[in-house]
Amino acid sequence: MGSVSTVMFTGNVTHKLDPKSRVAIPAGWRAAQEGALTLIDANFDEYPVLKCYTKESFAEKIAAIRQQAEQRGAEPGDIDRYIGIITGRCFEAEVSSQGKLLIPKPQRERLKLGENATIVGRGTYFEIWSPADYEATNSPEAISKIELDKLFHMLS
């Protein structure tokens, strides 16, 4: 696999969950997922999401958090505790040979997934959302509240 900086998860797609609670990952993203993915329960505003990182991109994210926290003068114990909370919420999952990712029952329930899941590229990682929550965060009203969009006008 190439360096993480060459991996860009972009776009979004909504797929049906199969009877085993697996969702198909976009074909163009599968080559970047050699081995297991690191998944973490997270939130976007008040919406639950499942963040999915390659092992390399997750390691780079943790290193960046540590470096930024140190630069801001955070106590080493606080940094370790925060990183411990993050890593404690993680679990590994593999994309099957058919390109499907199993969404465990606790995460499926937390995300309130019905028959479908929306998969959203976020550059060096991707997220899994309930389709309704993803739509709510991408409405014109929601986008109009983003301060950076008022500056760059990329979405409005």
Side-chain angles (χ1 to χ4, degrees), residues 1-14 23 25-95 99 101-113 117-156:
M1 182 164 95
S3 74
V4 172
S5 62
T6 63
V7 177
M8 287 297 289
F9 298 109
T10 60
N12 71 83
V13 64
T14 299
V23 65
I25 301 301
W29 295 2
R30 294 178 199 159
Q33 300 165 11
E34 296 173 2
L37 294 172
T38 300
L39 281 60
I40 183 170
D41 288 325
N43 292 298
F44 181 92
D45 291 332
E46 72 270 15
Y47 300 101
V49 299
L50 187 60
K51 292 184 176 187
C52 307
Y53 292 86
T54 63
K55 284 185 173 248
E56 288 177 341
S57 66
F58 185 72
E60 285 189 4
K61 182 69 172 179
I62 293 298
I65 289 169
R66 182 174 298 281
Q67 179 183 21
Q68 290 173 16
E70 288 170 351
Q71 288 174 348
R72 292 179 179 193
E75 293 294 323
D78 289 342
I79 297 169
D80 289 343
R81 189 170 24 259
Y82 181 63
I83 290 173
I85 291 168
I86 293 169
T87 58
R89 290 186 179 188
C90 293
F91 58 98
E92 288 191 357
E94 291 196 29
V95 176
L101 177 67
L102 173 68
I103 301 175
K105 184 177 180 180
Q107 283 72 31
R108 194 175 68 243
E109 290 174 351
R110 193 176 85 78
L111 295 173
K112 299 180 181 96
L113 295 179
T118 298
I119 305 164
V120 182
R122 297 289 191 208
T124 59
Y125 68 98
F126 63 93
E127 296 172 339
I128 298 176
W129 289 70
S130 86
D133 287 352
Y134 181 69
E135 287 299 319
T137 64
N138 281 276
S139 69
E141 296 80 21
I143 291 170
S144 72
K145 294 178 183 175
I146 300 172
E147 291 298 319
L148 288 176
D149 197 54
K150 292 175 184 174
L151 177 63
F152 295 108
H153 301 287
M154 289 291 294
L155 304 172
S156 58

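All figures in this text were calculated on a predicted structure; none of them were measured in a lab.
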Is [Y] close to [X] at the side-chain level, that is, under 4.5 Å between some pair of heavy atoms?
X	Y	value
V49	V120	no
P26	F126	no
L50	R108	no
I65	I86	yes
I119	L101	no
L102	E94	no

Approximate separation, where rounding is to 0.5 Å, of [X] [atom1] and [Y] [atom2]:
X	Y	atom1	atom2	value
T38	I62	OG1	CD1	9.5 Å
E46	T137	CD	OG1	9.5 Å
I40	Q107	CD1	CD	11.0 Å

Salt bridge (Lys or Arg N to Asp or Glu O under 4.0 Å): pairs with one or both residues in residues 125-138, sequence neighbours excluded: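 Salt bridge (Lys or Arg N to Asp or Glu O under 4.0 Å) check on residues 125-138 returns R122-E127.
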F9 vs C52, test: side-chain contact (heavy atoms from CB on, under 4.5 Å). Steps then yes/no. CA-CA 10 Å; F9 298 109; C52 307; over 6 Å; no
Would you name the heavy atoms of [X] and [Y] that are closest together and state the gap between them?
X	Y	result
A142	A136	CB-O, 3.5 Å
I128	A117	CG2-CB, 4.0 Å
T124	S57	O-OG, 3.2 Å
R110	A42	NH2-O, 2.8 Å
A36	K55	O-CG, 3.5 Å

Using a cut-off of 6.0 Å, state whether more than 12 heavy atoms not belonging to Y82 lie near its atom OH.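 Not more than 12 within 6.0 Å, no.
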Heavy atoms from other residues, nucleotides or ligands near CD of E75 exceed 12 (cutoff 6.0 Å):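 Not more than 12 within 6.0 Å, no.
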According to the interplanar angle, ranging from 0 to 90°, do the rings of Y53 and Y125 count as parallel (below 30°), tilted (30 to 60°) or perpendicular (above 60°)?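 The rings of Y53 and Y125 lie parallel, inter-plane angle below 30°.
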Mutual orientation of the aromatic rings belonging to W129 and Y134 [parallel < 30°, tilted 30-60°, perpendicular > 60°]: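 Correct class here is perpendicular.
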Just do the side-chain contact (heavy atoms from CB on, under 4.5 Å) check on F58 and T87 with the steps written out, would you? CA-CA 10 Å; F58 185 72; T87 58; 4.2 Å; yes
Between S130 (side chain only) and K112 (backbone N and O only), is there a donor and an acceptor less than 3.5 Å apart?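 No, S130 side chain to K112 backbone: no donor-acceptor pair under 3.5 Å.
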